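Notes to accompany the following structure.
Keep in mind that what you see is a predicted model, and the values were worked out from it rather than measured. Counting from 1, the numbers follow the sequence of the chain as shown. When reading the values below, keep in mind they use all heavy atoms of this one structure, side chains included, and skip hydrogens, waters and symmetry mates.
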Amino acid sequence: MSTLFSTLTLRSLDIPNRVWMSPMCTYSAAPSGPEAGVPTDFHLTHLASRAAGGAGLVMVEATGVRADGRISPWDLGLWNDAQQEAFARITAAISAYGSVPAIQLAHAGRKASTNKPWLGGGSVADTEHGWQPVGPSPVPFHGLPVPHELTTDEIAALVEDFAASARRALAAGFQVVEVHGAHGYLINSFLSPISNQRADEYGGTTENRMRFALEVVDAVRAVWPEHLPVLFRTSATDWTAEQGGAGWAEDDTVLLAKELQRRGVDLLDVSTGGMAHDAVIPVEPHYQVRFAAKVREATGLPTGAVGLITEPARAEEVVATGQADAVLLGRELLRDPYWAHHAAQELGVDSNWPEQYGYAVRPRR
């Protein structure tokens, strides 16, 4: 028996295995005009192929809850009818292969309006489809413009934007919604004292810095069906406290996880970093798994582990030993869309290949 290929039940939803596709930006939507943020044939092929490849859950990349919430002008969005309608055919395709369609709702905050990474990143000018980024405080991310400091009224509007996009996600056929609270983007930037220097109810103490994240989760949970799960992605550490500096750290994440659990979050998707450009990160296989394990042990909240998980036997170990309840694969699924099927074969488990492929690729007995 394989734990990696066993069902995980969150609320009433049975997710067929613990190999999940992590949200990964592809910078492939139109940057402006009526097609801005609308998923294309590329996105359909990209996401459906990972469902055909055996991933139990396929999560759409960070999707902007409003136009100025995209990481780049070429990111997906879910703030209008055209986007919602285009997503419906993607959720249908994912479901047709037996996978669960999920979407990560996001606002990039002070790291918004940037170029495609293969074009060097950096800020995109207003004349090139760019816009003014926003944040909790006028503290820029390295090399990017100073963000506009959000007013409390603007914060309240953003909370409603997340809820509105969650409603659209449900109408488009998604069964899981994840709130993006990691990697230095807007929600994460409220959590960390590196970027949040406010003196009002959204800044200062850890409890105040968590306020925006919790308000977003409350708003999303209020419009999301009780029988379907809500996830939250977090950066468990900025990797700065470990070096003697200020920043968000793993004990803060445990505190946040307890509050998220009380508000109906069903799984914490545990990543790290993205806040400080000069943080020293000890990157190696499974380097982030321990943070997922700590949250799970301290709170009982199910967790997902991410980061350089590439070997089937090691992925099996992560879930079988209770370090996490699922593993989320990113680049490895870009290299091999059929990783889950190949992993099942390596672990001696029957794999649910599409019948058009299965008769040809299953081992002959």
Taking [X] for the side chain and [Y] for the main chain, is one N or O donor matched with an acceptor at less than 3.5 Å?
| X | Y | result |
| --- | --- | --- |
| R110 | L186 | no |
| E297 | A293 | no |
| R296 | Q323 | no |
| E178 | F232 | no |
| D266 | L10 | no |
| S137 | V139 | no |
| E346 | A343 | no |
| N196 | P193 | no |
| E332 | L329 | no |
| Q288 | A305 | no |

| task | Under the side chain to side chain contact (heavy atoms under 4.5 Å, CB included) rule, what do T152 and D200 come out as? Steps first, then yes or no, please. | result | CA-CA 9 Å; T152 53; D200 63 3; 3.7 Å; yes
| field | Trace of the ring pair (Phe, Tyr, Trp, His ring centres under 6.0 Å) decision for Y359 with W353 | value | CA-CA 9 Å; Y359 80 97; W353 281 95; over 10 Å; no
Nearest 0.5 Å, what's the [atom1]-[atom2] distance between [X] and [Y]?
| X | Y | atom1 | atom2 | answer |
| --- | --- | --- | --- | --- |
| Q83 | R168 | CD | CZ | 7.5 Å |
| R70 | H107 | CZ | NE2 | 10.5 Å |
| L8 | T3 | CG | OG1 | 11.5 Å |
| S165 | L105 | OG | CG | 5.5 Å |
| R167 | Q84 | CZ | CD | 11.5 Å |
| D278 | T240 | CG | OG1 | 9.0 Å |

Decide yes or no for [X] and [Y]: does some side-chain heavy atom of the first lie under 4.5 Å from some side-chain heavy atom of the second?
| X | Y | answer |
| --- | --- | --- |
| V60 | F87 | yes |
| S235 | M275 | no |
| H46 | M21 | yes |
| Y338 | L333 | no |
| L255 | M210 | yes |
| L268 | T253 | yes |
| I71 | C25 | yes |
| K294 | V254 | yes |

Same hydrophobic cluster for [X] and [Y], using side-chain heavy-atom links shorter than 4.5 Å among ILVMFWY?
| X | Y | result |
| --- | --- | --- |
| V230 | V295 | yes |
| Y202 | F162 | yes |
| V220 | Y185 | no |
| I155 | I187 | yes |
| W131 | V134 | no |

| task | Tell me, with the steps shown, if R50 and W339 meet side chain to side chain contact (heavy atoms under 4.5 Å, CB included). | result | CA-CA 9 Å; R50 274 68 192 180; W339 189 94; over 6 Å; no
Only pairs under 3.5 Å count here: list side-chain donor-acceptor contacts from residues 92-101, not counting sequence neighbours, and write none if there are none.
from, atom 1, to, atom 2, distance (Å)
S95, OG, T91, O, 2.9
S99, OG, A55, O, 2.5

Provide the closest heavy-atom pair for [X] versus [Y] in the form atom of the first, atom of the second, distance.
| X | Y | result |
| --- | --- | --- |
| A86 | V38 | CB-CG1, 3.6 Å |
| R263 | V217 | CB-CG1, 4.1 Å |
| S2 | L347 | OG-CD1, 4.1 Å |
| A315 | I309 | CB-CG2, 3.8 Å |
| L256 | L191 | CD2-CD1, 4.0 Å |
| A241 | A249 | CB-CB, 4.0 Å |

Going by atom types alone, do [X] and [Y] pair a side-chain donor with an acceptor below 3.5 Å?
| X | Y | result |
| --- | --- | --- |
| S113 | Q132 | no |
| S351 | Q345 | no |
| T7 | D14 | no |

Residue [X] excluded, over 12 heavy atoms near [atom1] under 6.0 Å:
| X | atom1 | result |
| --- | --- | --- |
| F42 | CZ | yes |
| E311 | CD | no |
| R331 | CZ | no |

| What's the verdict on side chain to side chain contact (heavy atoms under 4.5 Å, CB included) for M24 and M59, showing C-alpha distance, side-chain angles and the deciding distance? | CA-CA 8 Å; M24 294 174 282; M59 192 175 301; over 6 Å; no
| request: Evaluate side chain to side chain contact (heavy atoms under 4.5 Å, CB included) for L76 paired with I103, printing each intermediate quantity in order. | output: CA-CA 11 Å; L76 294 176; I103 188 168; over 6 Å; no
| So W239 and F291, ring pair (Phe, Tyr, Trp, His ring centres under 6.0 Å) or not? Walk me through it. | CA-CA 12 Å; W239 293 107; F291 298 103; 5.4 Å; yes
| task | May I ask you to establish whether K116 and Y27 are in a cation-pi arrangement, using a distance under 6.0 Å from NZ or CZ to the six-membered ring centre and at most 45° from the ring axis? | result | no
| For H286, ring pair (Phe, Tyr, Trp, His ring centres under 6.0 Å) partners two or more places apart | none
| task | Could you give me the CA-CA distance, side-chain angles and deciding distance for D218 and R211, then say whether salt bridge (charged side-chain N to carboxylate O under 4.0 Å, His left out) is met? | result | CA-CA 10 Å; D218 285 344; R211 189 181 307 276; over 6 Å; no
Salt bridge between [X] and [Y], side-chain N to carboxylate O under 4.0 Å?
| X | Y | result |
| --- | --- | --- |
| D269 | R233 | yes |
| D252 | R209 | no |
| R262 | E259 | yes |

| task | Evaluate the ring planes of H183 and H180, with Trp represented by its six-membered ring, and classify them as parallel (under 30°), tilted (30 to 60°) or perpendicular (over 60°). | result | perpendicular
